[in-house]
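The sequence lines fix the lettering, A, B, ..., with proteins before strands; numbering per chain opens at 1.
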Amino acid sequence: MEQRLVSLLQSPLNLNPNQLKQLHALIITSQPSIFPLFLKHVSAPATIQYARQIFDEIPQPDSLFCNSIISIFSKLSLHQEAIKVFFSAHFKRTKLAFFSVPSILKSCASLAASAEGKQVHALSLIRGFCSNVYIQTALIDFYSKNGDMDAAKRVFDEISVKDPVPCNCLISGYSKSGNVLEARRVFEMMQLRTVASWNSMISCYAHVGDPIEGLRLFERMQNEKEKPNEMTLVTVLSICAKLGDLRTGLKVKEMVDVHDLRTNLIVRTAVSEMYMKCGAVDEARKVFDEMSQRDVIAWSAMIAGYAQNGRSNDALELFEKMCLENIEPNEVTLASVLSACAQLGSVEVGEQIGSYIEGRGFASGVYVGSALLDMYAKCGNIKRARRVFDNMKHRDVVSWNSMIGGLAINGLADDAIELYEKMIRDQFKPNDVTLIGLLTACVHGGLVEAGIRFFDSMQKEHNVTPKVEHCACMVDLYCRSGRLEDAYKFISKMETEPNVVIWGTLLSACRVHSNIELAQCSMEKLLVLEPHNSANYVLLSNIYADAGRWEEARKMRNLMRKKDVQKLAGYSWIELEDTVHKFLVGDTFHPSSDEIYDIVDGLSLQLKLVDKNSDYDLELCEAS
DNA sequence: TTAGGGTTAG
């Protein structure tokens, strides 16, 4: 009987839970001495929970059994379970086994279980395991993932012979904590580098905001005859995407083809992404369409690319296709879809997707929440935007910016300012985008003094350097309230070079406020900056005409002709049930022209009657 | 030990 059982247990068994129980009972009742042999079978991934039950019942399990349970839990990413078993074994006075240490440290690293990991380190020291490179490497990894690079470095310094693996581990730790200098120091010190060393170092530069240095390193890697693998190429492709460097991107794509990595899903996604970010949207789509399999990341990347390139309709179409193929969208997908909806400003589509997202409870995350409230605000539903904002569990600077900007573009200047003040009280640091929203609010509300105050506080109080966009807001602010001289003074004192937006703003304000002198001055600049924009010539010509200075108006028209500037017609268009209707000012070609004008007249009458704020419920603004 | 996708403004 014993012999038969032993030989049975020595062969590979694939037992279902019932058979397992029967065998277990048989062994316990007839041959308890061969129980350890049985444990070997029970601690397999498929039967790990059963092993766990047995483990709980044994007063002092042997360390081999403990080790296999821990390593299986760890491999299955059931880190919490692995840690529980480890400490439970410790309290049952089972001695820590050498081979358990890397697994348990991996679990502690994954969960950022700092205290537990340190205890494992202490136990390893007591058992004298810490002079082993395997365990030292696991410790470096653990401390790195916990963000304690000093501890990681201390362990590293203890290693006598520096194999590539612990070095790579340390590089990747420095890389994740953004310490590119230390990472590079370790990298340069290595006698023998592996592909992983290069990859970690290159991706470090990619993430730390120095992609150019990443490319240089990639070049050096080739000079030193180190063969890149798919991870290298993916990283370098993402650098090219970031830089919008199509030339290098295409070279890397060639390497993908040469190394026959075309079928790798991640590589293909990276190639498609590279095209996308370099503006080659249709090439990206081609790569995407030719992929034999696509995961949610591939779909999301493509949808995001469409949204970022202003091709909202394509983004939404692709999203629909994705749903039809039963790929479950995640937060990343939805954030991009919302951005596409926001660009369209279509209330109908927006409400539909918005309800879908809120219904599934996706609205409280930072990315989706911000994108959702931005979309509602852009579609004019400011109440719903505010509700999303108030219900968000966590907010970051983008959430605040989206809400402040949303209130601003909906004409609710006071609410925008109030929210900004709350943002400051809540200790959030505003950035340049926040100030754009805030200044926009002042422009829409005609709040000149407030705008000046906020502009002055940018650098002084928040250490945000005004960009040309902020200056454009200020110029707009002065201009709209008729303070053209102040606008001009402001422009003269600007630290950045004024651009066409700024001079253009001043020029159009000059028509409204009949200021010929400043108009001429703006035009002088605009003739240099954008000599082919017909709008400027027409504007100045009209300013002269308004003042009865016909001769100069005519000269302007002649200058336009001389420079061969074409006047572009400003068409408006609207899409209704797959048909695009195009209109020119005053045109009467549309078959329903009369009705259309009736409705337009009605609308403008209504707009004049409606008080700008009456539709907004102020109670909702009470910050949560 | 190393790899791909996201929100705001202009």
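Salt-bridge formation is not detected for the pair A/Glu530/A/Lys525: no Lys NZ or Arg NE/NH1/NH2 atom is positioned less than 4.0 Å from an Asp or Glu carboxylate oxygen.
Heavy-atom contacts of chain A under 4.0 Å fall on DNA chain B between two terminal nucleotides, which in 5' to 3' order are B/dT1 to B/dG10.
Taking the centre of each ring, A/Trp400 and A/Phe389 come in below the 6.0 Å mark. When ring centroids are compared, A/Tyr143 and A/His121 come within the 6.0 Å threshold.
DNA chain B is contacted by A/Asn168, A/Cys169, A/Ser172, A/Lys176 of residues 165-177 of chain A, taking any non-hydrogen atom closer than 4.0 Å. Contact check of residues 200-228 of chain A against DNA chain B (heavy atom, cut-off under 4.0 Å) returns A/Ser200, A/His207. Scanning residues 264-281 of chain A for heavy-atom distances under 4.0 Å to DNA chain B yields A/Asn264, A/Leu265, A/Ile266, A/Thr269, A/Glu273, A/Lys277. Near DNA chain B, defined here as any heavy-atom distance below 4.0 Å, there are no residues from residues 131-139 of chain A. A heavy atom lying under 4.0 Å from DNA chain B marks none of the residues of residues 495-509 of chain A.
Within the nucleic acid shown, A/Asp295 comes within 4.0 Å of at least one base atom, counting heavy atoms only. Nucleic acid contact for A/Ile436: sugar-phosphate only, since backbone atoms but no base atoms lie under 4.0 Å from a heavy atom of the residue. No engagement by A/Val468 is indicated, since no non-hydrogen atom pair under 4.0 Å with the nucleic acid exists. Residue contacts shown for A/Glu331 include a base, since a base heavy atom lies under 4.0 Å away. Within the nucleic acid shown, A/Lys106 has no heavy atom closer than 4.0 Å to any nucleic acid atom. In this structure, A/Ser300 reaches the bases: a heavy-atom distance under 4.0 Å links it to at least one base atom across the strands shown.
Applying the side chain to side chain donor-acceptor pair (under 3.5 Å) test to A/Asp148 and every residue at least two apart in sequence or in another chain returns nothing. Residues meeting the side chain to side chain donor-acceptor pair (under 3.5 Å) test with A/Tyr275, sequence neighbours left out: none. With sequence neighbours excluded, the residues satisfying ring-ring contact (aromatic ring centres under 6.0 Å, His included) with A/Phe98 are A/Phe129. Annotation: side chain to side chain donor-acceptor pair (under 3.5 Å) contacts of A/Ser107 (sequence neighbours excluded): A/Ser74, A/His79.
By the 30° and 60° cut-offs, the orientation of the rings of A/Phe288 relative to A/Trp299 is perpendicular. Using cut-offs of 30° and 60° for the angle between ring planes, the A/Phe319 and A/Tyr356 rings count as perpendicular.
A donor-acceptor contact shorter than 3.5 Å is absent between the side chain of A/Asn309 and the backbone of A/Arg311. No side-chain donor-acceptor contact under 3.5 Å links A/Lys378 to the backbone of A/Gln343. The main-chain N or O of A/Gly504 is never found under 3.5 Å from a side-chain atom of A/Asn536 such that the two would form a donor-acceptor pair.
Side-chain N/O atoms of A/Asn168 and A/Thr194 include a donor and acceptor closer than 3.5 Å. Inspection of the A/Thr505 and A/Asp476 side chains reveals no N or O donor paired with an N or O acceptor under 3.5 Å. Counting only N and O atoms by type, the side chains of A/Thr434 and A/Asn431 include a donor and acceptor under 3.5 Å apart.
Listed by first and then second residue, the ring pair (Phe, Tyr, Trp, His ring centres under 6.0 Å) pairs that reach into residues 173-216 of chain A are A/Phe187-A/Trp198, sequence neighbours excluded. Each salt bridge (Lys or Arg N to Asp or Glu O under 4.0 Å) pair with one or both residues in residues 297-306 of chain A, not counting sequence neighbours, would appear here, but there are none.
Within the 4.5 Å cutoff, no side-chain heavy atoms of A/Thr269 are placed close to those of A/Val234.
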